[in-house]
Amino acid sequence: MGVIETRPALVVAISSRALFDLDESHQVFQQQGVDAYYEYQIQHEDDVLAPGVAFSLVRKLLNLNELFQGSIKVEVVLLSRNSADTGLRVFNSIEHHGLDITRAAFTGGRSPFEYASVLDAHLFLSADSDDVARALQAGVAAATIAPASLEDTQIQTKEDEADQLRIAFDGDAVLFSDEAERVFRQQGLKAFEASEKAAARRPLEAGPFRRFLEVLHQLQTLAPEGTAPIRTALVTARGAPAHERVIRTLRTWGIRIDEALFLGGMDKSAFLKAFQADIFFDDQTHHVESAAQFVPAGHVPHGVANKG
């Protein structure tokens, strides 16, 4: 053994409940307890799990390795509260679906969030909101995957019209700090717009997802000529005149974002559906729940919107 591999360019840590549909077995755990859950998973370990909300995202992330032909490594690591015994079903399903996931941590009921930090993961996705909150506190970009309806699951599992990875972000408290959001909540829309106009040339502080966006941008610049394997979008409730500070902030960071939608308070869900997002990240639960009707969505429990 003894071989130390080159550090992957992008590391995504994901829970088994975000990757696969484990609703049925999770209900067994909640209603009947750990022992019944253990027996259930052992009895069904040869039954292949159906794709979960983040399955398509993971598949597209792993497909980037084929595009880059070994010059850059994208790695997905499974972090699970299962034990190794109960986690065997998950690994069997990974193999069945042909996902190139070779690393996993099964923590036997303990929160696995600390391993996201050890991995220096650029992103952690989980169905457990407590794990996500703790990962964010540890400095890892993290989001709680929103449940999808049956219709959404069908959209998720059908053959994709394109292999392009499409990721959408809210701005305040996700890509940027919540400083502007705090002004809006404390003083109202007019004060927010006036404050942002006055500060248009002062870059916003970074939010928890800046580093993840930076890595995506780096991958975009290193992609083979003539390909566009990743497309990013900023989908924000901001409108003019609050747009300028955002544009100048991204310019200061040296990050290109492919699409910027300044919706001026309009509902985001229809636009996310039109963008065909593989995932959308937002700090406000009502935006996440609305978006999850059409695309996979993750709640980022960060900033003033999530206080108290």
Side-chain angles (χ1 to χ4, degrees), residues 5 8 10-30 34 36-70 73-109 112 115-116 119 121 123-128 131 143 145-167 229 276 278-279 292 295-296 298:
E5 294 186 8
L10 173 62
V11 179
V12 175
I14 188 165
S15 74
S16 52
R17 284 175 57 206
L19 181 59
F20 293 117
D21 181 358
L22 281 160
D23 285 351
E24 187 174 321
S25 55
H26 188 62
Q27 285 180 6
V28 172
F29 170 74
Q30 288 184 314
V34 175
Y37 174 81
Y38 178 87
E39 292 298 329
Y40 180 90
Q41 292 294 62
I42 297 296
Q43 291 170 8
H44 292 83
E45 66 183 26
D46 292 325
D47 297 342
V48 174
L49 292 163
V53 176
F55 182 90
S56 179
L57 170 71
V58 167
R59 185 179 60 190
K60 288 187 177 184
L61 283 165
L62 292 171
N63 284 348
L64 292 174
N65 288 317
E66 183 177 348
L67 176 73
F68 285 107
Q69 298 180 340
K73 176 70 173 176
V74 175
E75 183 168 25
V76 176
V77 182
L78 183 75
L79 300 184
S80 175
R81 287 174 177 259
N82 280 291
S83 65
D85 258 346
T86 58
L88 184 57
R89 185 184 184 192
V90 177
F91 253 131
N92 288 343
S93 298
I94 286 171
E95 182 179 4
H96 172 86
H97 289 290
L99 300 176
D100 184 19
I101 298 175
T102 60
R103 292 192 171 108
F106 296 105
T107 61
Y115 292 120
L119 289 162
L123 176 66
F124 174 49
L125 300 176
S126 175
D128 191 299
D131 288 350
I145 293 295
S149 68
L150 177 61
E151 179 182 358
D152 296 322
T153 303
Q154 290 170 344
I155 291 171
Q156 272 287 300
T157 57
K158 73 175 184 178
E159 288 298 317
D160 296 309
E161 295 179 4
D163 289 330
Q164 188 180 60
L165 176 63
R166 299 185 179 188
I167 301 181
Q276 298 179 328
D278 289 298
I279 196 163
V295 300

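Just so it is clear, the structure is predicted and the values come from calculations on it, not from any experiment.
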- prompt: Is the side chain of Lys60 donor-acceptor paired with the backbone N or O of Gln164 at a distance under 3.5 Å, no angle test?
  reply: yes
Closest heavy-atom pair and its distance - Ala292, Ala146: CB-CB, 4.0 Å
query: Checking His97 side chain against Leu49 main chain: does a donor-acceptor pair fall under 3.5 Å?
result: yes
- prompt: CG of Leu88 to CD of Gln41: how many Å apart, nearest 0.5 Å?
  reply: 10.0 Å
message: For Leu19 and Val76: C-alpha separation, side-chain torsions, deciding distance, then whether side-chain contact (heavy atoms from CB on, under 4.5 Å) applies.
response: CA-CA 11 Å; Leu19 181 59; Val76 176; over 6 Å; no
statement: In short, Phe106 meets Ala84 closest at the heavy-atom pair CB-N, 3.8 Å
task: Identify the heavy atoms of Asn82 and Ser16 that sit nearest to each other, and give their distance.
output: ND2-OG, 3.6 Å
query: Hey, are the side chains of Pro296 and Leu57 touching, using non-hydrogen atoms and a 4.5 Å cut-off?
result: no
message: Is it true that, when you exclude Tyr115 itself, more than 12 heavy atoms of the residues, nucleotides or ligands shown sit nearer than 6.0 Å to its OH?
response: no
Where at least one partner belongs to residues 76-93, residue pairs that pass salt bridge (Lys or Arg N to Asp or Glu O under 4.0 Å), sequence neighbours excluded: Arg81-Asp128, Arg81-Asp131
- line: In terms of heavy-atom contacts, Thr102 and Phe91 come closest through O-CZ, 4.2 Å
task: In sequence, state the C-alpha distance, the side-chain angles, and the governing distance for Phe55 and Asp21, and then conclude on side-chain contact (heavy atoms from CB on, under 4.5 Å).
output: CA-CA 9 Å; Phe55 182 90; Asp21 181 358; over 6 Å; no
task: Enter the distance from Ile101:CD1 to Ile94:CD1 here, rounded to the nearest 0.5 Å.
output: 4.5 Å
- prompt: Are side-chain heavy atoms of Lys73 and Asn65 found at a separation under 4.5 Å?
  reply: yes
task: Show the numbers, then the answer: is there a side-chain contact (heavy atoms from CB on, under 4.5 Å) between Val53 and Leu125?
output: CA-CA 11 Å; Val53 176; Leu125 300 176; over 6 Å; no
task: Drop me the distance from Ile14's CD1 to Leu61's CG, to the nearest 0.5 angstrom.
output: 8.5 Å
query: Does Asp100 reach the main-chain N or O of Leu62 with its side chain, forming a donor-acceptor pair under 3.5 Å?
result: no
statement: Ser15 meets the side-chain contact (heavy atoms from CB on, under 4.5 Å) criterion, sequence neighbours left out, with Arg17, Ala18, Ser126
- request: Show the numbers, then the answer: is there a side-chain contact (heavy atoms from CB on, under 4.5 Å) between Ile145 and Ile279?
  value: CA-CA 9 Å; Ile145 293 295; Ile279 196 163; 3.8 Å; yes
Euclidean distance, Arg103 CZ relative to Leu78 CG, rounded to 0.5 Å: 13.5 Å
- prompt: Atom OG in Ser93, atom CG in Leu22: separation rounded to 0.5 Å?
  reply: 8.0 Å
message: When you measure from the side chain of Thr86 to the backbone of Ile42, do you find a donor-acceptor pair of N or O atoms at a distance under 3.5 Å?
response: no
query: Between Asp278 and Arg166, is there a donor-acceptor pair closer than 3.5 Å when you use the side chain of the first and the backbone of the second?
result: yes
